[in-house]
Asker: 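Below: one structure in structure tokens.
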There are 2 protein chains.
Amino acid sequence: MTAPTPRKSPRQQRAHATCAAILEATARILESAGPEALTTNRIAEVAGVSIGSLYQYYPAKQAILAELVRAQRAALLTDLQDAVQQAAGLDLRATVPLLIAASLKHHAHRPLLAQRLEAAEKTLALDAETAALKAQIDALVVKVLAQRGVADPRQAAFDLAAMVTGWADAAVMAGDSDTVALAERMTRAANGYLGLAPGSVR
Amino acid sequence: MTAPTPRKSPRQQRAHATCAAILEATARILESAGPEALTTNRIAEVAGVSIGSLYQYYPAKQAILAELVRAQRAALLTDLQDAVQQAAGLDLRATVPLLIAASLKHHAHRPLLAQRLEAAEKTLALDAETAALKAQIDALVVKVLAQRGVADPRQAAFDLAAMVTGWADAAVMAGDSDTVALAERMTRAANGYLGLAPGSVR
DNA sequence: GCAGAATGTGAGCAATCCCTCAGCTTTCCA
DNA sequence: TGGAAAGCTGAGGGATTGCTCACATTCTGC
């Protein structure tokens, strides 16, 4: 019922290719035509695969979207873990920009896709695995902030994530491609939120 | 072609009631079941109106959504204008919380609806009237910021709007209903962004 | 080689979608 | 008061949707 995981795991290489083609086709339709134009028949067509093959690996249309969302979350977790490792020994002021840069990475790569997946996530009933990833991400940020003396690390982690995500989406829509400058402006806001004195960012 | 305005203007009172019922039904379905469940037949059913009546006033499904989006934008413009009037003679530090409070007002009233309408706006091709409203809103904020000595008022207006909107949506999703506290935290971030020293909020 | 598992195919079903239209009821106004 | 305008109805047309299933093809291990 609530099992948006692949219905059958691909064992051979061409099966993996089929799954990948389906996911990529879904991503491309999402980018070029939006969620309203995302139909299973069209996904199969763009992927160059028969509709039957699609349903051999994904039990429902939603499952394909869920898989993309899950992958995006997993990538974010990895990038954040890297950032945290890089921030070892650094103080709060130096850590924040690293976290922001990690969060912005996916928006920089395929901006429209990232935005549409986030929108889809709000409507989708996300599976247990994706929920677990979200929890891991949250816990990671909470821990980093707490270690650096932030007063209410839970609240702060939530607020900073909300701020960066929504802001990044809007920037993407407006065609702002200068991620570095965007990250710098976000850092200013985050510093203000955390009660850090303005100071020159460099 | 791109005329999502009512196809026929209601002249009698019961016609106005019909239009209102259709809009309210659309809002309710959006809140309770999401955009995927928003069908014209269902709208008519929930509104207690026949499907034929619906199409007498709205030429397409999208037009109903566009009307709701337009109304939301118009309300935001009004609230911002009030805030600006209230901020006459005040400095930047005192003005920012007023602008934030105005922006948050709709999210506080019907949070889920506000969020889903914003999501819909990103997919919809918005009509000329709504675009004009957006431009007015932007110009208003730019002017207020410029008058109070903000360096790059265009950029700042965009960034602050993006920050507040996305953040508010996320807070709504998480069930955070304490709008006052939320506004205060946002103000801290905005102050940091604008280069204002932390200082006590009151 | 070959049996069986894994993979791939696509016509088409049932359900649903958006929207039209011919005819009915209610309201307005001279 | 009566004709015209405005409003309302809902069956259903044509298109599309998500998805199934009976069957063909390809690969793997022995």
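In what follows, chains carry the letters A, B, and so on, assigned in the order in which the sequence lines appear, proteins first and then strands, with residues in each chain numbered from 1. All values derive from a computational prediction rather than experimental measurement.
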Asker: Is B:Arg188 paired with A:Asp159 through a side-chain N to carboxylate O contact shorter than 4.0 Å?
Answerer: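 Salt bridge: no.
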Asker: Restricting to side-chain contact (heavy atoms from CB on, under 4.5 Å), what partner residues turn up for B:Thr39, sequence neighbours left out?
Answerer: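 For B:Thr39, the residues satisfying side-chain contact (heavy atoms from CB on, under 4.5 Å) (neighbours in sequence not counted) are B:Asn41, B:Arg42.
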Asker: Please name all residues satisfying side-chain contact (heavy atoms from CB on, under 4.5 Å) with A:Ala183, sequence neighbours left out, ordered by chain then number.
Answerer: A:Ile100, A:Leu104
Asker: Any pair with a residue in residues 139-150 of chain B that passes salt bridge (Lys or Arg N to Asp or Glu O under 4.0 Å), sequence neighbours left out, goes on the list, sorted by first then second residue, please.
Answerer: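 Every candidate salt bridge (Lys or Arg N to Asp or Glu O under 4.0 Å) pair involving residues 139-150 of chain B fails, so no pair, neighbours aside, qualifies.
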Asker: Residues from residues 44-54 of chain A sitting under 4.0 Å of DNA chain C, heavy atoms only?
Answerer: A:Val49, A:Ser50, A:Ile51, A:Gly52, A:Ser53
Asker: Restricting to salt bridge (Lys or Arg N to Asp or Glu O under 4.0 Å), what partner residues turn up for B:Glu121, sequence neighbours left out?
Answerer: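 So B:Glu121 forms a salt bridge (Lys or Arg N to Asp or Glu O under 4.0 Å) with B:Arg73, B:Lys134.
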Asker: Could I get the full list of salt bridge (Lys or Arg N to Asp or Glu O under 4.0 Å) partners for B:Arg28, not counting sequence neighbours?
Answerer: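 So B:Arg28 forms a salt bridge (Lys or Arg N to Asp or Glu O under 4.0 Å) with B:Glu24.
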Asker: Using the salt bridge (Lys or Arg N to Asp or Glu O under 4.0 Å) criterion, which residues pair with B:Lys105? Sequence neighbours excluded.
Answerer: B:Asp79
Asker: Which residues pass the side-chain contact (heavy atoms from CB on, under 4.5 Å) test with A:Ala114, not counting sequence neighbours?
Answerer: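 With neighbours one apart ignored, the set is A:Gln72, A:His107.
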Asker: So which of residues 21-37 of chain A are in contact with DNA chain D, with a heavy-atom cut-off of under 4.0 Å?
Answerer: none
Asker: Taking only nitrogen or oxygen atoms into account, show me every contact under 3.5 Å that the protein makes with nucleotides 22-29 of chain C, one pair per line with its distance.
Answerer:
none

Asker: Could you list the donor-acceptor pairs under 3.5 angstrom formed between side-chain atoms of residues 15-23 of chain B and any protein atom two or more places apart in sequence or on another chain?
Answerer:
| unit_1 | atom_1 | unit_2 | atom_2 | d |
| --- | --- | --- | --- | --- |
| B:Thr18 | OG1 | B:Arg14 | O | 3.0 |

Asker: Go through the structure and list residues passing salt bridge (Lys or Arg N to Asp or Glu O under 4.0 Å) with A:Asp169, not counting sequence neighbours.
Answerer: none
